[in-house]
A.B. asks: 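First the structure, then my questions, so here it is.
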Amino acid sequence: MSSIQQNIEQVIKQIHTAEVKCGRQQISVQLLAVSKTKPIEAIEQAIEAGQKAFGENYVQEGVEKVAYFKEHHAEQNLEWHFIGPLQSNKTRQVAESFDWVHSVDRAKIAQRLNDQRPGSLEPLKVLIQVNTSGEESKSGTNEEEVFALAELISSLPNLTLKGLMSIPANVSDYQSQLAAFNQLAELKNKLESRYNGLDTLSMGMSGDLEAAVEAGSTMVRIGTAIFGARDYSNKK
Ligand SMILES: *Cc1c(COP(=O)(O)O)cnc(C)c1O
């Protein structure tokens, strides 16, 4: 068994342990394998371990990988999630290739994704990225704007509003991690009574997945713990 396959088993165990520890039902948290910067072969090994959902951050790289797997592994029915920052001049490629977008943080992006989503595809599933830590430099909408953006997205026929996503400040102590994730969970609770099918909380990465699970995450986005450290030397 390759190390990537072992890592996936390990991460799934870690998720299950966290679920049990806080009294959640096992397999209520989905694993999204974040394959940004990693080669096709690494993704193929993850597929062999049964992994179906993959997250990508860079438009060009992501679109190429989606096209490769549609051509060579169509039978796998993989699910592709765009999780990186999205500029408006790149929305068309994302709307044409991906199944999910986690990083919708303003009206213009939502509108363009809707207008550019091909009618032959299912509506694009979207999450609103929220900046819970309030840091100026981080992307994500603030909590006040979430409600207006949710209203807009739910009115757009080619988008389906699935929930919220956040990338909290990188802190190592458990209680701070939990506090940031609880904030997002509360916001989701306020929204889910208004919108049918809004059931997704995308939160938790390699370093903070336990706290995310305790706070109610339904999808953890794991890169390093599966694929190892990333090499950014050929990125911008
Ligand atoms: C890179 C990335 C991840 C994965 O982070 P790891 O710490 O490697 O698990 C998750 N979410 C987003 C938005 C990312 O950009």
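First listed ligand is number 1; within each ligand, the first listed atom is number 1.
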A.B. asks: Test question: given the 4.5 Å side-chain rule for I, L, V, M, F, W and Y, name all other residues clustered with Y174, or answer none.
C.D. replies: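 So far as hydrophobic clustering goes, Y174 is joined with L178.
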
A.B. asks: With distance as the sole criterion, is a donor-acceptor pair present between the side chains of T132 and Q183 under 3.5 Å?
C.D. replies: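 Judged by distance alone, the side chains do not pair up.
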
A.B. asks: Quick test of your reading of the model: are K65 and E61 salt-bridged, counting only N-O distances below 4.0 Å?
C.D. replies: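 Salt bridge: yes.
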
A.B. asks: Quick one: list whatever passes salt bridge (charged side-chain N to carboxylate O under 4.0 Å, His left out) with E96, sequence neighbours left out.
C.D. replies: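 Counting only residues at least two positions away or on another chain, E96 forms a salt bridge (charged side-chain N to carboxylate O under 4.0 Å, His left out) with R92.
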
A.B. asks: Anything under 3.5 Å between a donor and an acceptor, one on a side chain of residues 79-86, the other on a protein residue two or more places apart or in another chain? List them.
C.D. replies:
unit_1	atom_1	unit_2	atom_2	d
E79	OE1	H81	NE2	2.8
H81	ND1	H102	NE2	2.8

A.B. asks: When you look at Y58 and E64, which way does the side chain to side chain contact (heavy atoms under 4.5 Å, CB included) test go after all the steps?
C.D. replies: CA-CA 10 Å; Y58 306 99; E64 283 169 15; over 6 Å; no

A.B. asks: Tabulated below should be the N or O atoms of ligand 1 paired with protein N or O atoms at under 3.5 Å; can you produce that?
C.D. replies:
unit_1	atom_1	unit_2	atom_2	d
ligand 1	8 (O)	T224	N	2.8
ligand 1	8 (O)	T224	OG1	2.5
ligand 1	8 (O)	R230	NH1	2.8
ligand 1	8 (O)	R230	NH2	3.1
ligand 1	9 (O)	S206	N	3.1
ligand 1	9 (O)	S206	OG	2.5
ligand 1	9 (O)	G223	N	2.8
ligand 1	11 (N)	R221	NE	2.8
ligand 1	15 (O)	K36	NZ	2.7
ligand 1	15 (O)	N57	ND2	2.7

